[in-house]
> 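Quick one: structure below, then a few questions.
Just so we're on the same page: letters track the sequence lines, and every chain starts at 1.
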Number of protein chains: 2
Amino acid sequence: YFDSYSHFGIHEEMLKDSVRTKAYQDAIRGNAHLIRGKVVLDVGCGTEGILSMFAAQAGAKHVYAVDSSKMAENAKQIIEANGFQDVITVIQGKVEEIDLPVEKVDVIVSEWMGYCLLFEAMFDSIIYARDRWLRDGGMLLPDKAELYIAAIEDAKYKEDKIHFWENVYGFNMSLMKRVAMFEPLVDTVHPDHICTSIRPLWNVDLLTAQKSDMQVDAPFELQAIRNDYVHALLIFFEVGFTQGHKPLWLSTGPHHKSTHWHQTVLYLNDVLTIAKDELIQGHIKIFPSSTSKRHLDFSLNYQFDGEVTLISSQLAPEFIDRLSMDSPTKRSTRRSHIG
Amino acid sequence: YFDSYSHFGIHEEMLKDSVRTKAYQDAIRGNAHLIRGKVVLDVGCGTEGILSMFAAQAGAKHVYAVDSSKMAENAKQIIEANGFQDVITVIQGKVEEIDLPVEKVDVIVSEWMGYCLLFEAMFDSIIYARDRWLRDGGMLLPDKAELYIAAIEDAKYKEDKIHFWENVYGFNMSLMKRVAMFEPLVDTVHPDHICTSIRPLWNVDLLTAQKSDMQVDAPFELQAIRNDYVHALLIFFEVGFTQGHKPLWLSTGPHHKSTHWHQTVLYLNDVLTIAKDELIQGHIKIFPSSTSKRHLDFSLNYQFDGEVTLISSQLAPEFIDRLSMDSPTKRSTRRSHIG
């Protein structure tokens with residue numbers, strides 16, 4: 001986590017992600033009456049400390065902006081350049097190791113979400129900070145997180161991605177099809193590709209969650225909204241700011257403006273020829289990889305009673321797919337679909 | 001190196017980079033009369049072993065395909081699927097540690113080049129393999145590498161990239177301008193942006209180079225081809241297959257079809273208002289970072305006697321820029337300029 005996010009380009013991408021930044025701005029501004037005169041802890045303040053500055057603008061008595069990266073020094077300078085140095089104290093260190101000159105804080109704000117919510121997410125630090133520093137009845141921004149699932153038609157991309165390997169400069173690399181399908185893809189999908197219901201898959205209340213809650217082991221049932229072909233499942237997340245004056249959700253779903261998180265696409269071994277109202281039932285697990293703390297493993301099991309077109313009998317003897325997210329592959333080619 | 005390149009998406013991108021793959025195909029096919037009946041070593045054969053299969057198709061007596069990554073197992077299976085298992089032996093291991101059942105090889109083929117040629121490049125392994133395994137008078141594919149430099153007009157992107165920081169959700173983050181300029185950018189630049197001569201900066205003969213030769217410390221002189229503004233320097237590389245029947249060059253320059261290497265853009269602190277025929281003289285160093293083996297540091301010093309528009313006096317007291325390439329930032333927004 002620490003290495004990859006100290007990279008400058010990523011901070012620029014996050015700031016330019018107006019859905020992300022504006023959701024936090026709205027949540028903090030909209031609850032200024034609850035933040036005024038309060039002590040705020042910003043977990044992972046990043047290079048620029050923008051969430052801390054939002055809190056200071058909202059009238060916080062004091063803000064502790066914590067980040068383990070050396071880029072915290074930048075945040076400090078930016079905070080000074082904007083005249084907030086008396087209100088915001090930047091502390092470089094892991095939230096698990098730092099000390100604060102207060103007993104408890106009233107509000108914890110953090111932007112901790114990774115791809116597919118859980119990839120390299122800063123969960124453990126949030127839970128630690130909550131248990132150690134948040135007063136009883138204090139406010140977490142955000143305090144809720146939810147994953148959604150749907151099925152998508154994606155023939156064109158699957159063709160490019162999978163059939164490409166059948167003839168590569170005259171060589172048969174069909175073996176790579178299986179590898180290609182193993183990797184969840186981080187991509188922005190146009191909502192027209194969704195051909196089933198969109199269903200909640202999993203949710204967590206960050207005010208009470210424990211570290212062990214931070215994995216998914218959940219059934220799903222999707223109903224086709226039209227006759228179509230299903231090539232992949234789509235997963236996306238929302239986080240909620242629900243403790244304040246009015247609940248506010250930051251959605252990374254395909255019906256909203258695209259974010260730097262995009263969505264996550266899991267290709268199926270099979271192509272399902274689905275008729276309107278038919279059901280896909282399944283079960284999905286998303287959990288930290290046993291081989292690497294930074295990886296995320298996906299396990300998918302599904303049943304479908306309609307027509308199944310196998311890509312290759314070799315690939316799909318049973319309806320179980322296992323996927324692993326390593327360095328997420330982003331498809332820039334499709335990002336223009338949603339602006 | 002080993003971690004990042006075992007990522008599947010990168011292999012797909014490389015194979016789909018037809019400039020890269022076809023250059024190797026042409027170099028191997030075009031010299032089939034020199035490869036027929038010979039022993040070939042493929043250093044870093046990757047997931048798919050395609051260069052080894054090109055060599056086998058060209059009639060090699062035997063090919064040793066070496067890769068340190070676990071993905072070598074994939075290459076082995078693909079090679080079997082294409083019926084080359086008797087000609088190609090896949091060996092998983094570092095080329096510095098493996099043993100071959102021959103005394104010397106006749107040909108070494110390798111695709112070792114990184115961004116800006118030198119970023120995470122597999123130089124040391126090539127030199128080791130050459131000294132240990134290549135017979136006297138043997139053939140290296142490629143055997144030459146060359147860097148080029150030019151200056152570009154890039155007002156629009158520099159505006160987006162640099163001036164963005166002056167007002168970020170109402171906050172002044174001008175400090176980040178300096179950080180933004182520190183990072184060389186990996187990007188495909190349209191040739192129309194080039195406003196000076198394109199000059200050779202540095203070259204190396206891989207048949208004789210030593211590890212210590214693999215850094216750049218070179219002067220340059222660029223002459224304006226029109227009245228324009230200079231915002232950045234552009235660096236790109238070519239590699240040459242010159243030992244065979246007919247010299248062949250793989251170019252990653254802006255006048256050729258775009259490759260997955262793109263080009264490298266170094267923003268200047270200053271904006272130079274250059275008149276036709278005026279000169280920019282300078283000196284550039286590119287060398288492994290002292291803080292991390294995987295990073296690449298750039299040091300740039302230049303003189304220009306024409307008009308200089310400073311972005312900020314704070315930023316550019318003297319004409320020295322130091323830049324460091326960490327995880328290269330790629331700009332997908334501009335990749336559509338060249339197809």
> Residue by residue, scan residues 20-27 of chain B and write down, ordered by number, those that have a heavy-atom distance under 4.5 Å to chain A; if none do, write 'none'.
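If one takes a 4.5 Å heavy-atom cut-off, the residues of residues 20-27 of chain B near chain A are B:Thr21, B:Lys22, B:Gln25.
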
> Looking at A:His262 and A:Val186, would you say the former's side chain and the latter's main chain have a donor-acceptor pair under 3.5 Å?
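Side chain of A:His262 to backbone of A:Val186, a donor-acceptor pair under 3.5 Å: no, none is there.
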
> Listed by residue number, which members of residues 75-85 of chain A have a heavy atom under 4.5 Å from any heavy atom of chain B?
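Contacts with chain B: A:Gln77, A:Ile78, A:Ala81, A:Asn82, A:Phe84.
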
> In terms of heavy-atom proximity below 4.5 Å to chain A, should B:Phe54 be classed as side chain, backbone, both, or neither?
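Contact with chain A is through both the backbone and side chain of B:Phe54.
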
> Got A:Leu300 and A:Leu233 here, is their nearest side-chain heavy-atom distance under 4.5 Å?
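Result yes, sub-4.5 Å side-chain heavy-atom pair found.
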
> Look at the rings of B:His62 and B:Tyr64 and say which category their plane angle falls in: under 30° parallel, 30 to 60° tilted, over 60° perpendicular.
tilted

> Donor-acceptor check, side chain of A:Asn74 to backbone of A:Thr47, threshold 3.5 angstrom: yes or no?
no

> Please determine, by modelled atom types, if A:Asp17 and A:His260 share a side-chain donor-acceptor pair under 3.5 angstrom.
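Short answer, yes.
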
> Backbone N or O of B:Asp154 within a donor-acceptor pair of the B:His231 side chain at under 3.5 Å?
yes

> Enter the distance from A:Glu111:CD to A:Cys45:SG here, rounded to the nearest 0.5 Å.
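Taking CD in A:Glu111 and SG in A:Cys45, the distance rounds to 12.0 Å.
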
> Please examine the side chains of A:Ser68 and A:Gln92, heavy atoms only from C-beta on, and report whether any two atoms are closer than 4.5 Å.
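Side chain of A:Gln92 against side chain of A:Ser68, heavy atoms only: no contact under 4.5 Å found.
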
> Using the test side-chain hydrogen bond (donor to acceptor under 3.5 Å, both in side chains), find all partners of A:Asn172 that sit at least two apart in sequence or belong to another chain.
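Only A:Ser174 meet the side-chain hydrogen bond (donor to acceptor under 3.5 Å, both in side chains) criterion with A:Asn172.
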
> Looking only at atom types and distance, does a side-chain atom of A:Gln263 sit under 3.5 Å from a main-chain N or O of A:Thr252, one as donor and one as acceptor?
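The answer is yes, because a donor-acceptor pair under 3.5 Å joins these two groups.
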
